[in-house]
Each structure stands twice: as C-alpha cells, then as structure tokens.
Amino acid sequence: MSNRRVEMDRLQELVRLHRLGTPARQVARVLRMGVDVERNYRRVLEAAGLLRGDAQVLPELEVLKTAVRNRPANDVP
C-alpha cells in the first residue's frame with residue numbers, strides 16, 4: 001500500500017463520483033489511485049456518512065480532513 005497521502009480535493013472528487021454512482025474501479029482509475037487506496041478512503045468516508053447526499057453539494061475540505069484523521073489506524077495510508 002502506498003504511503004503517499006491523497007490531496008483533499010481528490011477526496012472531494014471521490015465523494016462526488018461515488019454519489020453519482022460511479023463504480024469503485026472507475027473512481028480509482030479516474031483519480032489515478034490504486035484500488036486498495038480508493039477502497040480504504042471509501043470505507044472511511046462511508047463510515048463518516050460522507051458518501052451520501054447530493055453530488056453537487058460536496059463536504060468541505062476540513063470535514064474530509066477530520067474524517068481521514070480520525071480513521072482507525074489500519075485504514076487509509
């Protein structure tokens with residue numbers, strides 16, 4: 001698993017694509033991240049309730065940052 005962090009604006013796009021119903025592999029491909037990295041971020045954001053809602057109204061960057069920082073230790077690189 002990569003130790004490189006994903007930029008927060010890419011996480012906003014991950015949220016938007018999932019809210020639009022884009023398949024996970026396609027999301028990973030579009031965002032140029034590994035499928036495991038996408039899966040881990042998706043799990044964290046889903047647990048925080050951030051993948052539900054309108055695709056046009058995205059969570060603030062600070063909300064995403066907080067969700068990722070508060071993740072369980074073995075999720076997300």
Side-chain angles (χ1 to χ4, degrees):
M1 189 176 310
S2 172
N3 287 331
R4 199 172 69 176
R5 291 209 176 261
V6 174
E7 296 85 19
M8 290 298 127
D9 58 329
R10 288 176 65 203
L11 290 182
Q12 276 185 320
E13 184 64 5
L14 185 146
V15 169
R16 187 183 76 79
L17 290 169
H18 277 289
R19 287 181 178 184
L20 290 171
T22 307
R25 285 186 183 268
Q26 186 175 350
V27 171
R29 189 171 35 251
V30 167
L31 297 178
R32 296 179 182 240
M33 63 176 63
V35 292
D36 291 337
V37 173
E38 185 279 336
R39 180 185 311 115
N40 289 337
Y41 277 111
R42 180 170 25 96
R43 285 179 182 162
V44 169
L45 297 173
E46 189 171 41
L50 297 172
L51 294 184
R52 293 184 300 264
D54 185 351
Q56 302 302 315
V57 181
L58 298 176
E60 298 289 329
L61 293 176
E62 280 303 314
V63 173
L64 292 170
K65 190 182 297 185
T66 300
V68 171
R69 282 187 181 151
N70 293 335
R71 75 196 185 283
N74 59 350
D75 281 345
V76 184

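All values below were derived from every heavy atom in this structure, side-chain atoms included, with hydrogens, water molecules and symmetry-related copies excluded.
- Side-chain N or O atoms of R10 include one that pairs as donor or acceptor with a backbone N or O of R32 at under 3.5 Å.
- Y41 and V35 sit in two unconnected hydrophobic clusters of ILVMFWY residues. Membership requires side-chain heavy atoms under 4.5 Å apart, directly or through other members.
- Listed by chain and residue number, nothing satisfies the side-chain hydrogen bond (donor to acceptor under 3.5 Å, both in side chains) test with R19 (two or more places apart in sequence, or in another chain).
- For A48 against A67, the heavy-atom pair with the smallest separation is CB-CB, 4.0 Å.
- Contacts of E46 classified as salt bridge (Lys or Arg N to Asp or Glu O under 4.0 Å), with partners at least two apart in sequence or in another chain: none.
- Taking a cutoff of 4.0 Å between a charged side-chain nitrogen and a carboxylate oxygen, E62 and K65 qualify as a salt bridge.
- Listed by chain and residue number, L17, L20, Q26, V27 satisfy the side-chain contact (heavy atoms from CB on, under 4.5 Å) test with T22 (two or more places apart in sequence, or in another chain).
- Residues passing the side-chain hydrogen bond (donor to acceptor under 3.5 Å, both in side chains) test with Q12, sequence neighbours excluded: none.
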Distance-only donor-acceptor hits, side chain of residues 52-61, under 3.5 Å, sequence neighbours excluded:
from, atom 1, to, atom 2, distance (Å)
D54, OD1, Q56, N, 2.9

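- Atom CD of E13 and atom CE of M8 lie 14.5 Å apart (nearest 0.5 Å).
- Considering CG of L11 and CZ of R16, their distance stands at 14.0 Å, rounded to 0.5 Å.
- The shortest side-chain heavy-atom distance between L45 and H18 does not fall under the 4.5 Å cut-off.
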